[in-house]
Amino acid sequence: MTAPADFARCKACHGWDGLGSMGSYANRTGVSSGAASRPDVDSTNVRTAALSLTHQQLFDLIARPDGRPMNSSDSRHPEYASFLTEGQVWNLVKFIREEWINPNDLYDLSVTGAAMHYEYSVANGWALVSPTMTYTNIGANGDKVNGQAVYDAACAVCHGADGKTSPPGGTQSIGQFTRAKPYEAWFKIKFGEPGKMNPGLVTDTTDMIDLYAALADATLFPNL
Ligand code: HEC
Ligand code: HEC
């Protein structure tokens, strides 16, 4: 199934959690906030759309939103019918409806402070103001003991017993990464990283919640 890889093109605007600037990408820069190479994050809640619309409506929203052109340097919706096959779009519909884990099952996010904007009344002319993102209750509903067992069976071979081996870019342990980016870790754990980590290491949502409970514990899985 190519849908998770195809979804990588969606997350630039909608975030890994499908909540865009209303979720884990509330402080992510885009064209209008100084990062010319990537689009602005959108405030659309694709998750709500995914659950409330029919499969056909969802297909149409992805495939041909008003036939607008693909242009990653603006923030409008690309017309994916020109870039993806019908089969790929249907796979995305299925993926969005059935494979996305509800973020509330894995963690709580609080976004405080003003939405991202430029503040012009400062000494040096302007400053980019971003909200503060705080993740709490990571894996709070999970069973740490089972999570540790899942980790030992599926992850320790590469990342070491304490998650400190083969860390991402060498700067964070696996526990640290999951605590800092809980919105992204599950996606990679479930769908892999091309050429680095196989997909399907953990597919059961309860196991994922349990794994989060274990990785949230900085004594079991310390920072680097
Ligand atoms: C360049 C930014 C961008 C990218 C990339 C992008 N979207 Fe969007 N998306 C938007 C914007 C902006 C909207 C708001 C409404 C509109 O313009 O259609 C939206 C709306 C949607 C909606 C409708 C939600 C609703 O409630 O009406 C769906 C579904 C959706 N996108 C799915 C996807 C999928 C799936 C992908 C990847 C294949 C994707 N989008 C890629 C920017 C983007
Ligand atoms: C075959 C070896 C292998 C196994 C097994 C494996 N990983 Fe990975 N993992 C990697 C590699 C390689 C990377 C990429 C590191 C990088 O991008 O620098 C990675 C990346 C990650 C990342 C994201 C880091 C980032 O910066 O993108 C997380 C989180 C992660 N692994 C967690 C796990 C968990 C949890 C398990 C068990 C369910 C697991 N991995 C199993 C090799 C593995």
Side-chain angles (χ1 to χ4, degrees), residues 2-16 18-21 25 30-31 38-53 55 57-81 83-84 88-97 100 147-160 163 165-204 207-208 210-212 214-215 221:
T2 61
D6 288 336
F7 181 74
R9 27 174 125 233
C10 318
K11 73 102 193 162
C13 294
H14 294 300
W16 299 97
L19 302 175
S21 62
Y25 272 5
V31 269
R38 58 192 192 203
D40 285 333
V41 176
D42 189 56
S43 60
T44 310
N45 186 330
V46 178
R47 189 175 295 281
T48 302
L51 297 177
S52 60
L53 300 173
H55 286 69
Q57 285 170 323
L58 202 50
F59 179 96
D60 290 343
L61 276 168
I62 298 170
R64 36 178 176 270
D66 304 330
R68 278 175 282 168
M70 174 88 159
N71 177 357
S72 64
S73 71
D74 77 20
S75 305
R76 297 173 309 165
H77 209 268
E79 189 214 30
Y80 278 113
F83 303 94
L84 301 174
Q88 281 177 301
V89 178
W90 279 120
N91 278 341
L92 273 167
V93 170
K94 185 171 160 52
F95 164 77
I96 286 172
R97 283 185 87 100
W100 248 346
Q148 176 80 62
V150 169
Y151 182 90
D152 291 346
C155 322
V157 61
C158 292
H159 293 300
T165 312
S166 176
T171 57
Q172 287 179 315
S173 71
I174 295 303
Q176 203 171 356
F177 183 92
T178 304
R179 293 188 286 275
K181 296 185 167 179
Y183 54 88
E184 180 175 342
W186 74 266
F187 193 94
K188 295 188 168 175
I189 295 167
K190 189 168 174 179
F191 301 113
E193 272 196 85
K196 293 178 174 170
M197 185 161 66
N198 285 338
L201 289 167
V202 178
T203 52
D204 182 83
D207 280 345
M208 188 69 78
D210 294 350
L211 180 61
Y212 264 55
L215 291 173
F221 295 97

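The first residue of the sequence shown is numbered 1, and numbering continues consecutively from there. This structure is a prediction, so every number in the text was calculated from the model and none was measured. Numbering of ligands and ligand atoms starts at 1, following listing order.
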Quiz item: Which of the numbered atoms in ligand 2 are below 4.0 angstrom from a heavy atom of Ile174?
Solution: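 The list of qualifying atoms is 28 (C), 30 (C), 31 (N), 32 (C).
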
Self-check item: Numbered atoms of ligand 2 (with element) below 4.0 Å of Val202, judged on heavy atoms
Solution: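 Those qualifying, in numeric order: 38 (C).
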
Exercise. Please state whether the separation between atom 8 (Fe) of ligand 1 and some N/O/S atom of Cys13 is under 2.8 Å?
Key: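 Of the N, O and S atoms in Cys13, none lies under 2.8 Å from atom 8 (Fe) of ligand 1, which means no.
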
Quiz item: For ligand 1, is there an N or O atom under 3.5 Å from any N or O atom of Tyr80?
Solution: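 No; the residue has no nitrogen or oxygen that sits under 3.5 Å from a nitrogen or oxygen of the ligand.
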
Rounded to the nearest 0.5 Å, what separates atom [atom1] in [X] from atom [atom2] in [Y]?
{"X": "Gln172", "Y": "Thr178", "atom1": "CD", "atom2": "OG1", "result": "9.0 Å"}
{"X": "Ile62", "Y": "Leu84", "atom1": "CD1", "atom2": "CG", "result": "9.0 Å"}
{"X": "Lys94", "Y": "Leu58", "atom1": "NZ", "atom2": "CG", "result": "13.0 Å"}
{"X": "Tyr151", "Y": "Asp210", "atom1": "OH", "atom2": "CG", "result": "16.0 Å"}
{"X": "Lys196", "Y": "Cys158", "atom1": "NZ", "atom2": "SG", "result": "13.0 Å"}

Self-check item: Ile96 contact mode with ligand 1 (heavy-atom cut-off under 4.0 Å)
Solution: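 Under 4.0 Å from ligand 1, Ile96 contributes side-chain atoms alone.
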
Quiz item: Is ligand 1 under 4.0 Å from a heavy atom in the side chain of Asp40, in the backbone, in both, or in neither?
Solution: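 Contact part for Asp40 vs ligand 1: neither.
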
Quiz item: Below 4.5 Å, heavy atoms only, C-beta onward: do Met208 and Tyr212 meet side chain to side chain?
Solution: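 Yes. Closest side-chain heavy atoms under 4.5 Å.
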
Self-check item: Contact check, side chains of Phe221 and Ile174, non-hydrogen atoms, under 4.5 Å
Solution: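 No, side chains not in contact.
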
Decide whether an N or O pair under 3.5 Å exists between [X] and ligand 2.
{"X": "His159", "value": "yes"}
{"X": "Lys188", "value": "yes"}
{"X": "Glu193", "value": "yes"}

Quiz item: If you measure from each non-hydrogen atom of Gln172 to ligand 2, which part falls under 4.0 Å: side chain, backbone, both or neither?
Solution: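 For Gln172, there is no contact with ligand 2 at all, from either part.
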
Quiz item: When you look for heavy atoms under 4.0 Å from ligand 2, do you find them on the side chain of Met197, its backbone, both, or neither?
Solution: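 Answer for Met197: side chain.
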
Exercise. If the plane angle is over 60° it's perpendicular, under 30° parallel, otherwise tilted; pick one for Phe95 and Trp100.
Key: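 Because their plane-to-plane angle lies in the 30° to 60° range, the rings of Phe95 and Trp100 count as tilted.
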
Of the listed options [options], closest to [atom] (non-hydrogen atoms):
{"atom": "atom 26 (O) of ligand 1", "options": "Ala49, Ser43, Gly30", "value": "Ala49"}
{"atom": "atom 12 (C) of ligand 2", "options": "Lys190, Lys196, Glu184", "value": "Lys196"}
{"atom": "atom 38 (C) of ligand 2", "options": "Ala154, Ala153, Cys155", "value": "Cys155"}

Self-check item: Backbone N/O of Thr165 and side chain of His159: donor-acceptor pair under 3.5 Å
Solution: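 Yes; judged by distance alone, with no hydrogens or angles, the pair exists.
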
Quiz item: Do Tyr80 side-chain atoms and Gln88 backbone N/O form a donor-acceptor pair below 3.5 Å?
Solution: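 No, Tyr80 side chain to Gln88 backbone: no donor-acceptor pair under 3.5 Å.
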
Self-check item: Taking every non-hydrogen atom, the tightest pair across Ile96 and Ala50
Solution: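 Minimum heavy-atom contact is CG2-CB, 3.2 Å.
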
Within ligand 1, which atoms have a heavy atom of [X] less than 4.0 Å away?
{"X": "Ile62", "value": "32 (C), 35 (C)"}
{"X": "Leu92", "value": "38 (C)"}
{"X": "Leu58", "value": "29 (C)"}

Quiz item: Below 2.8 Å, any N, O or S contact between Cys158 and atom 8 (Fe) of ligand 2?
Solution: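 Not a single backbone or side-chain N, O or S atom of Cys158 is under 2.8 Å from atom 8 (Fe) of ligand 2.
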
